[in-house]
Amino acid sequence: MARPFDVSALEKKWQARWLDEGTYEVDNDDPRERYFALCMYPYPSGTAHQGHIRNYTFGDLVVRYQTMRGKAVLTPFGFDSFGLPAENAAIKAGSHPRLFTHARMAELKNSVRRLGAVYDWRREVFSHDPNYMKWAQAIFLEFFKAGLAYRAEAPVNWCPGCATVLANEQVNADGTCDRSGDLVERRNLEQWFFKITDYAEELLNDIDTLEWPERVKTMQRNWIGRSEGVEFELPFAHDPSRGLRVFTTRPDTGFGVTYAVIAPEHPFLEELTTNEQRAVVTSLVERASQESDLERTASSDSGAGLEKRGAFTGSFVVNPFTGESVPVYVADYVLGTYGTGAIMAVPAEDERDYAFAQVHGLPVVRTVEAPEGHVGAYAGDGPHINSGFLDGMATAEAKEAAAAFLEEHARGARTVNYRLRDWLVSRQRFWGCPIPVVYCNVDGIVAVPFEQLPVLAPDDVVMDKSGQSPLATHEGFRNTTCPTCGGPARREADTMDTFTDSSWYFLRYCDPFTPDKAFDPVEAAKWMPVDQYIGGIEHAILHLLYARFYLKALVDIGMAPGLTREPFKRLFTQGMIRLDGSKMSKSKGNLIAPEKYYDTVGADGLRLFHLFVGPPADDVDWTAQTEDVIEGCARFLDRFYRLSHYDECFFHDERTSEDDEVLREVHRTVAKVTEGMERWSYNTAVAALMELLNTVSKWARRPEGAHRATLDEALDLMIRLLAPMAPHLMAEMWEERHPGEPSVHATSWPEADPALVARESVVMVVQVNGKVRARLEVSPEVSEAEAAAAALASPEVQRFLDGEPRRVVAVPPRLVNIIA
RNA sequence: GCCCGGGUGGCGGAAUGGCAGACGCGGAGGACUCAAAAUCCUUUGCUCGAGAGGGCGUGCGGGUUCGAGUCCCGCCCCGGGCACCA
């Protein structure tokens, strides 16, 4: 398509200028009001795809807009440069992940520059930079010292495709790996964990203080999964001095406990299993330990399969409410890792217990009166029955009374449980930050001394997917001496989850030059918390939860004194780009590369498309029509450019009321666009500008012409409004119109003049019985009585009136509704 | 199953309880042109009507209101999250 200007030349010119002049570099002592605008730390996957383009278009818009609003905007860029794709690609190509990564970083950097997105490149951070790794490891060791990092053996998620363990957060609901899609296996391994559960309560409570999408906040609340209840003891029938501790949120249903269940991993299982039951219990436990979570949960929907999944241990415990003995079962529907790993089972009021009881022929005793005709378990509210001292009470009251009873008679205590588990950070892969500890036969786990950081992986490591950490096979790396006793020791061979890198990079951005600290808290406090964070919804739990934990922990261990405990004040999650219904991504291979558009519509045209196509939070369907919409956006820029050259315009000298009215429309648009910028309604902001261009063009091209100075004023205002959206072309047009003056990006954001925004007269709609019958010109200040009188007097309305109206509703100056 | 979103023209989407469909794409017609492209102009929810004009329309069914796309109740469908968490 022939453009009225040379897209490529013009974009190159301005991109070079922004870079050379360091236009968007800011110093920490900048006197202006501060604003920290941040797009999520990207994994360097090569040239940008449409998802990146969308992300950086929004980010750049915020940066340029806030700059025009007079703020010092911190706009850093960097790379989440450790990770599996680089390692896998290096294995395939027989090269080193660093080479692969550097090439991809250069490509992505080039892509964002071609988009015209501006950054303070001096502050660039990337995860595999030894300068960054040093502090990543120092933080790990501080966590270790504070007891927030610990080593433990636990059943963990092992992904055969990735040849490493995963965090709970990286496993999908169906038991597959979030990254590779392979079925995740359970293995018992000794691994490093971060004690994120120490922060469960605070992570949950602080969600309320965040200006985040409700959806994301809900997802985090669900993930943390707080539940209040009572932990108490069911005494063993054979030895009442001891008992089985259980957790319940429904102590009020205690009279309905007809059996108890312990998890296959429970330490008491051995003791509680009688000889007659040993064979059946052992086979159940073995099967449970081998089955994946998917297989374990596959049969959960119906009662089918429950029989196989539970067995009687042969022992009994005493229900403290009734004094009766009830059997203890082992079943894998009870998790060893939640609560106490054992439950009281109330089949009448719990669906899972009900299904199990049906299969195993266990009694069902209702303790809450279910609604008429209710079949199966009833977990709702209702008066208590068959419940001794609880009879007649409603659920809330009964819970209270039952909890008090258990505290007194069953070593009970009110407790809170969380679904959230500690964060498993060990990874059996090469391309990550090594965990900086050594193992000594004498001193045990020993931290690598600070002076020796960073611990760097040697380059000549054999990487494969055997499942063993590649570093473990490198004797030169593995064998070391103990920092404490000087004796022989072995280095930890695992690397850290790459989510640790993205959990504090924003802090380093604030103070990237400091040589002797991860970041100076005083410098970081000048920018933190992030004013606007922008990224994909896919990070709703993982990254956003981890980063919140990191900052809280960093403050508590003294590395970030004075910082607020939440990193991201406002979050915006953009929609995904879909092609044929599925998410556009490199791994799916369904990308529409942005490059082709740079040559035709240019970066500005592509940016405008992403702003215009729909609400930023919504997904974008890339269809056959999309190309046309992109063209339409470019066409708008062309038309604006031609108008700024007075193409086909006519002029007159005396300023008329029509000229005034156009200027008023311009100011109304200033107000609309500003509002759109503030509430992330970019699509309507662009629409308002398109509408204004239509108005102004039509006016300036009338045979009777336009007032020249008014047109110039309109053009200048429009260029400023469009500057954050189409930065190259607006810079060019501004320079043409104002040679020798500062760039449009250095001007301030226009303010609408309230006197011009206000209207002298407005159209009032007159309805008869809710149907529009007339439109009247009235003053905006018209009173209710005046409006009603004018409406009734109008001849169009009279036609529909037959005598006195029954009622007149006047909403001046918008509308009058006459009920006939 | 539970918890969030969301259902508006041929399409993407607009609408502080007050003219439904802004803006754009696509379509139709026209101007310019030998012709085409580009550009510009007009038109474009459905429907009845020659016309003036009328009727119907925001997933479905109710309700509140002078007035509902918007609020309330009950459903249906789509997208996402969680899912033996006791």
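In what follows, chains carry the letters A, B, and so on, assigned in the order in which the sequence lines appear, proteins first and then strands, with residues in each chain numbered from 1.
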Colleague: Please state the C1' separation for the pair B/G49 and B/A38 - nearest whole angstrom.
Modeller: 40 Å
Colleague: List the steps, then state whether side chain to side chain donor-acceptor pair (under 3.5 Å) holds for A/Ser761 with A/Glu777.
Modeller: CA-CA 6 Å; A/Ser761 75; A/Glu777 287 269 328; 2.6 Å; yes
Colleague: Atom pairs under 3.5 Å, N or O on each side, protein against nucleotides 19-23 of chain B: can you list them with distances?
Modeller:
unit_1, atom_1, unit_2, atom_2, d
B/C19, O2, A/Arg775, NH1, 2.1
B/C19, N3, A/Arg775, NH1, 3.3
B/A22, O2', A/Glu691, OE1, 3.2
B/A22, O2', A/Glu691, OE2, 3.2

Colleague: Taking C-beta and beyond as the side chain, do A/Leu611 and A/Thr57 meet within less than 4.5 Å on heavy atoms?
Modeller: yes
Colleague: Quick one: do A/Tyr641 and A/Asp647 satisfy side chain to side chain donor-acceptor pair (under 3.5 Å)? Show the steps, please.
Modeller: CA-CA 9 Å; A/Tyr641 182 84; A/Asp647 202 31; over 6 Å; no
Colleague: For a 4.5 angstrom cut-off between non-hydrogen side-chain atoms, does A/Ser794 reach A/Leu776?
Modeller: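 Of all side-chain heavy-atom pairs linking A/Leu776 with A/Ser794, at least one is under 4.5 Å.
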Colleague: Let me know the distance between CD of A/Glu627 and P of B/C11, rounded to the nearest Å.
Modeller: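 Taking CD of A/Glu627 and P of B/C11, I get 20 Å after rounding.
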Colleague: Would A/Asn417 and A/Arg226 count as a side chain to side chain donor-acceptor pair (under 3.5 Å) if you check the C-alpha gap in whole Å, the side-chain angles of each, and the deciding distance to 0.1 Å?
Modeller: CA-CA 6 Å; A/Asn417 261 302; A/Arg226 181 183 199 274; over 6 Å; no
Colleague: Is a side-chain donor-acceptor pair under 3.5 Å present for A/Tyr338 with A/Ser227?
Modeller: yes
Colleague: Let me spell it out: for each of A/Lys698 and A/Arg679, pick the nucleotide of RNA chain B with the closest heavy atom. Which residue's pick is nearer the 5' end?
Modeller: A/Arg679
Colleague: Starting at the 5' end of RNA chain B and moving along, which residue's nearest nucleotide shows up first, A/Thr248 or A/Val613?
Modeller: A/Val613
Colleague: Mind telling me whether B/G67 is syn or anti, cutoff 90° either side of 0?
Modeller: anti
Colleague: Please give, in whole Å, the distance from B/C82 P to A/Trp223 CH2?
Modeller: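 Rounding to the nearest Å, CH2 of A/Trp223 and P of B/C82 are 6 Å apart.
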Colleague: In whole Å, measure the gap between the C1' atoms of B/G69 and B/G6 for me.
Modeller: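 About 13 Å, rounded to a whole number of Å.
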